[in-house]
Participant: 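My questions all concern the structure below.
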Amino acid sequence: MGGTARPVVLDAMSGDHGPSETVPGALAARRAHGVPVVLVGRADDLHRELRRHGGAGEVEVEHAGEVVPMAERGARAAAQRDSSLAVGCALARRRGAAFVSAGSTGAVVTCAVRVFGRREGVLRPALAVALPTPTGSTVLVDAGGTADPTPKMLAQFALLGAAYARSVLGVPDPSVGLLSIGAEPGKGNRLAREAAALLPGLPLRFHGNVEGHDVLAGTVDVVVTDGFTGNVVLKNIEGCVRTTLGMVAGAGIAPPARLAEVARLYTADTHGGAALLGLAGTVVVGHGSSRSTAVARACVVASELAASEPAASELPASEPAASEPPAEGGPVPVDGRASMGPVA
């Protein structure tokens, strides 16, 4: 990547571990991948960590005195103007940089919408993650950005997910499936049924309904669902991977090294974070438990996305976009943070 890397602004106070992991992660992103990173947070804390890791003066530091708690949600977080989250978003917008935070997903989404604004025509943003399958990757959208979307929002998520699959994963003509409780037409709750009626009329290749077992099977390139369901699906996948690999290891029927390779496909160290689609800017939301390796990967992913993030030019006509935050509690996943699958 070298000197062509796009700059990244990192909320260095975010996540469960704060500067003790975000600072070495930023240094790793710069040293190993050439990504210019600006650290935002309490300057004294950040400079102390930089000195501890031999990086004094190596990356830029922007002071922000407040920290948004991991349990904070919605508009209250965005109102903290001197927080590392708010200052970081504003700095990224001014400089045309990507923004990375491992904070509460609800707080990050709300602040990012307020600062960056939505792309023209976008009703709500959506989190996209690309899960490994036997044939490549399947994009799951929404993975926790908007818990209670309308059918029209789901239709937009499908367009955003398809654009992401084309521009980031290199799939020329992605197929799109709607997650439901049955593959047959007409199956599902009211939201799924009404969204299924909209998708065939969009400029994408609609496969039809898909079920839970299709998510990792490679049945389609993009799986569309609401943020509540998508977040539950991701956490179920993570739990199943850990449990299954643990059982296989305990039975001694596969080499531990090979099991570790598979497990790494589903860790934050590999995927870094989830892309928040539909904004007039690049935002990556990292896992709250991210360690330095995951933070570094999130910065690299954000830098790459800034150069290739899908536009929303194919979105259907809808209500005008706005930069005010979504309704309180709207875009919050089950526990206030996103569960992550590989992004790239």
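Heavy-atom basis, side chains included; hydrogens, waters and symmetry copies ignored.
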Participant: Is Thr282 reaching over with its side chain to a backbone N or O of Ala97, donor-acceptor style, under 3.5 angstrom?
Facilitator: no

Participant: Just by modelled atom types, is the Gly188 backbone N or O under 3.5 Å from a matching donor or acceptor in the Arg193 side chain?
Facilitator: yes

Participant: Examine the side chains of Ser84 and Asp11 and answer whether a donor and an acceptor come within less than 3.5 Å of each other.
Facilitator: yes

Participant: So, does Asp221 use its side chain to make a donor-acceptor pair with the main chain of Thr138 at under 3.5 Å?
Facilitator: no

Participant: Would you mind checking if Glu261 and Arg258 are paired as a salt bridge, meaning a charged N to carboxylate O distance below 4.0 Å?
Facilitator: yes

Participant: Would you confirm whether His63, through its side chain, and Ala43, through its main-chain N or O, come within 3.5 Å as a donor-acceptor pair?
Facilitator: yes

Participant: Check whether any side-chain heavy atom of Arg31 sits under 4.5 Å from a side-chain heavy atom of Glu58, and report yes or no.
Facilitator: yes

Participant: Is Phe157 close to Thr146 at the side-chain level, that is, under 4.5 Å between some pair of heavy atoms?
Facilitator: yes

Participant: Using modelled atom types and a 3.5 Å cut-off, is there a donor and acceptor pairing between side-chain atoms of Ser290 and backbone atoms of His287?
Facilitator: yes

Participant: Under a 4.5 Å cut-off applied to non-hydrogen side-chain atoms, are Tyr164 and Val141 in contact?
Facilitator: no

Participant: Is any side-chain heavy atom of Met13 less than 4.5 Å from a side-chain heavy atom of Leu46?
Facilitator: yes

Participant: Do the side chain of Ser175 and the main chain of Arg205 share a donor and acceptor less than 3.5 angstrom apart?
Facilitator: no

Participant: I'd like to know if the side chain of Glu62 reaches the main chain of Leu91, judged simply by a donor and an acceptor atom lying under 3.5 Å from each other, with no hydrogens or angles considered.
Facilitator: no

Participant: If you define the side chain from C-beta out and look only at heavy atoms, does anything of Val215 sit under 4.5 Å from Val210?
Facilitator: no

Participant: Looking only at atom types and distance, does a side-chain atom of Asp214 sit under 3.5 Å from a main-chain N or O of Ala217, one as donor and one as acceptor?
Facilitator: no

Participant: Is it true that a side-chain atom of Arg118 and a backbone atom of Val113 form a donor plus acceptor pair closer than 3.5 Å?
Facilitator: no

Participant: Looking at Val37, is its backbone amide N or carbonyl O close enough to the side chain of Arg30 to form a donor-acceptor pair, meaning the two atoms are under 3.5 Å apart?
Facilitator: no

Participant: Is the closest side-chain heavy-atom distance between Thr225 and Val233 below 4.5 Å?
Facilitator: no

Participant: Hey, are the side chains of Ser137 and Leu131 touching, using non-hydrogen atoms and a 4.5 Å cut-off?
Facilitator: no

